[in-house]
Amino acid sequence: MSLFSLLLVSLPEALLVTMLGFQLAGLKVTPRHLISIGAAQTVSSYFIRLSPSPFGLHTLVQVTVYILILRIITGLSWRRVAVIALLGLVVYGTLEAAILPPLLSITGYTLEEVIATDYMRIAVFLPEAVLILLFIISCRRYNFHLLDFASGLNQLALLNDTGKRTEKAYLNLYILLLLPLLLLAVLNMVLFVSQTGAFPKLYPDMFVASFNLILVAVAVLSMGARKQRHDFNHHLQTVYGLLEVGSCDEARRYVKEMFLDISNPAEVVKTDNPGISAMLFAKAGLAEARGINFSVQVDCSLQNIPLTPMEASSLLGNLLDNAIKAAGAFSGGQRHVRLEITREPGEYVFTVANTGDPMPPEMLERMYGPHYATGKNNQGLGLAIVKEIVEKHSGRITVEHAGNETIFSVHILDKGAGRS
């Protein structure tokens with residue numbers, strides 16, 4: 001492969017596959033990482049193609065090296081980068097296998113001519129590149145992704161052992177689903193190439209042998225997944241049996257032992273106001289499901305706050321919903337939402353903070369409008385309701401960005417401050 005073809009085919013191909021993989025996984029890739037991955041993959045592909053490995057087998061080597069490159073450059077876990085790479089490669093490989101045969105048939109060129117001529121190689125690559133690029137743009141436009149890794153991008157240090165095991169189990173399942181799809185796409189291309197006579201018959205034979213070995217490995221890995229499911233079914237049957245015989249306390253203890261390492265949101269959000277506690281419990285579960293660290297600090301009694309139960313739930317619920325959505329959209333590192341409730345002289349202060357990018361000035365000016373909402377982080381949803389409640393109680397609301405956090409502070413007058 002010439003340098004000309006390397007720069008105009010291999011490099012754009014690596015960039016598109018990377019962009020596609022991250023998009024389908026629900027993640028954003030920084031321009032610096034994207035360029036680094038594309039350049040490293042292009043160089044490695046050049047040398048791999050120079051090796052005597054058969055067509056098809058060299059593709060599997062490239063996939064392995066590509067996963068290694070993603071791991072080194074992004075720092076994500078092996079399982080995450082494997083899923084990202086497989087997502088991009090499966091869609092790209094399927095599209096290539098669908099486009100190339102009819103394209104050669106329409107143009108009348110042979111595969112040998114395309115491989116031997118740089119201009120022909122580029123001409124064949126362009127339709128694929130345009131379709132992939134349009135697909136990526138459409139996915140971004142409509143926020144489409146097959147997985148949602150962004151909701152689980154909390155630093156692994158924030159996950160307990162059970163959370164880590166759960167994530168590994170899911171990622172292993174994704175890999176087991178995607179790997180055979182990739183192998184089928186590659187096998188389809190190998191069979192097509194073998195029919196054109198562009199490569200010796202020995203190449204597809206060697207690839208089919210390698211393909212069978214990999215399928216055996218996938219089958220062995222899937223046995224581990226089935227074992228986990230089998231064990232889980234036993235646990236469910238035990239819990240069900242305890243509940244059927246009325247041993248609710250025993251069932252509760254059994255479940256607690258199973259998930260001993262999982263933090264209980266109820267212990268985090270207990271207050272002396274049952275309505276607020278119930279609402280915070282729900283929000284803690286929502287944040288946990290999205291991989292967002294959720295913390296609550298209440299430094300005062302909430303039994304005598306001037307808000308009605310509905311007002312308190314609406315005010316805190318809307319602020320926390322916005323914070324969770326904004327933190328979920330943040331891809332700059334660790335994501336968290338924190339709530340602090342304090343009683344200052346003459347007022348209660350409710351502080352809701354989340355990691356995220358600074359809010360533009362024009363957003364700050366119109367975010368309390370009754371129909372305002374942002375497509376990027378949804379910070380505007382429900383703020384009109386919050387403002388209405390705050391004004392009803394002669395309070396005030398402030399917003400600032402500090403230390404990589406967007407911080408909303410609501411001050412509600414303590415109407416009972418003059419008593420006692």
Side-chain angles (χ1 to χ4, degrees), residues 19 21-30 33 74-77 79-81 83-84 87 136 139-160 163-164 166-167 170-171 174 262-263 265 268-269 279-296 314-340 350-360 363-364 367 372-383 385-386 399-408:
M19 293 168 60
F22 274 86
Q23 176 62 39
L24 294 177
L27 288 176
K28 293 181 179 179
V29 57
T30 64
H33 283 168
T74 66
L76 296 173
S77 69
R79 289 176 177 82
R80 285 182 180 271
V81 296
V83 172
I84 291 170
L87 280 172
I136 294 172
C139 289
R140 290 185 175 179
R141 172 67 177 82
Y142 297 103
N143 194 30
F144 172 79
H145 43 76
L146 297 176
L147 305 178
D148 192 10
F149 276 6
S151 67
L153 260 188
N154 243 354
Q155 292 182 353
L156 289 180
L158 296 178
L159 292 174
N160 49 46
K164 292 179 182 179
T166 303
E167 178 183 316
Y170 277 111
L171 293 178
Y174 292 142
I262 297 180
S263 58
V268 180
V269 300
M279 186 273 300
L280 294 181
F281 184 90
K283 301 306 178 187
L286 178 62
E288 184 179 5
R290 299 188 178 186
I292 298 170
N293 187 34
F294 185 84
S295 63
V296 177
S314 183
L315 185 146
L316 289 175
N318 279 297
L319 287 175
L320 289 172
D321 280 343
N322 293 331
I324 290 171
K325 290 175 182 177
F330 182 62
S331 58
Q334 176 181 335
R335 301 175 304 153
H336 68 261
V337 171
R338 61 182 177 88
L339 167 66
E340 297 178 5
F350 303 86
T351 302
V352 177
N354 63 269
T355 48
D357 299 320
M359 300 174 67
M363 183 186 299
L364 295 173
M367 66 182 178
Y372 175 72
T374 65
K376 183 178 180 181
N377 56 17
N378 294 314
Q379 278 277 30
L381 293 174
L383 289 180
I385 299 174
V386 171
V399 58
E400 62 176 333
H401 190 86
N404 210 30
E405 282 187 328
T406 299
I407 306 170
F408 280 82

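For reference, positions follow the sequence shown, starting with 1. Here the structure is a predicted model, which means the values were calculated and not measured.
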*What heavy-atom pair brings Ala327 and Val337 nearest, and what distance separates the two atoms?*
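Between these two residues, the closest heavy atoms are CB-CG2, 3.9 Å.
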*Take Phe408 and Val386 through the test side-chain contact (heavy atoms from CB on, under 4.5 Å) and record every step on the way to the result.*
CA-CA 11 Å; Phe408 280 82; Val386 171; over 6 Å; no
Atom pair [atom1] ([X]) and [atom2] ([Y]), whose distance is rounded to the nearest 0.5 Å:
{"X": "Thr355", "Y": "Ile292", "atom1": "OG1", "atom2": "CD1", "result": "7.5 Å"}
{"X": "Lys28", "Y": "His33", "atom1": "NZ", "atom2": "NE2", "result": "15.0 Å"}
{"X": "Asn354", "Y": "Phe330", "atom1": "CG", "atom2": "CZ", "result": "9.5 Å"}
{"X": "Arg80", "Y": "Leu27", "atom1": "CZ", "atom2": "CG", "result": "7.0 Å"}
{"X": "Phe350", "Y": "Leu315", "atom1": "CZ", "atom2": "CG", "result": "7.0 Å"}
{"X": "Ile136", "Y": "Phe22", "atom1": "CD1", "atom2": "CZ", "result": "12.0 Å"}

*Between Gln23 and Phe144, is there a donor-acceptor pair closer than 3.5 Å when you use the side chain of the first and the backbone of the second?*
yes
*Using atom types as modelled and distance alone, determine if a side-chain donor or acceptor of Ser295 lies under 3.5 Å from a backbone N or O of Arg338.*
no
*Start with the C-alpha gap between Leu76 and Ile84, add the side-chain angles, then the distance that decides, and say whether side-chain contact (heavy atoms from CB on, under 4.5 Å) holds.*
CA-CA 10 Å; Leu76 296 173; Ile84 291 170; 3.8 Å; yes
*Any side-chain heavy atom of Asn322 within less than 4.5 Å of one from Val352?*
no
*Please tell me if the side chains of Met279 and Leu320 come closer than 4.5 Å, counting only heavy atoms from C-beta onward.*
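Side chain of Met279 against side chain of Leu320, heavy atoms only: contact under 4.5 Å found.
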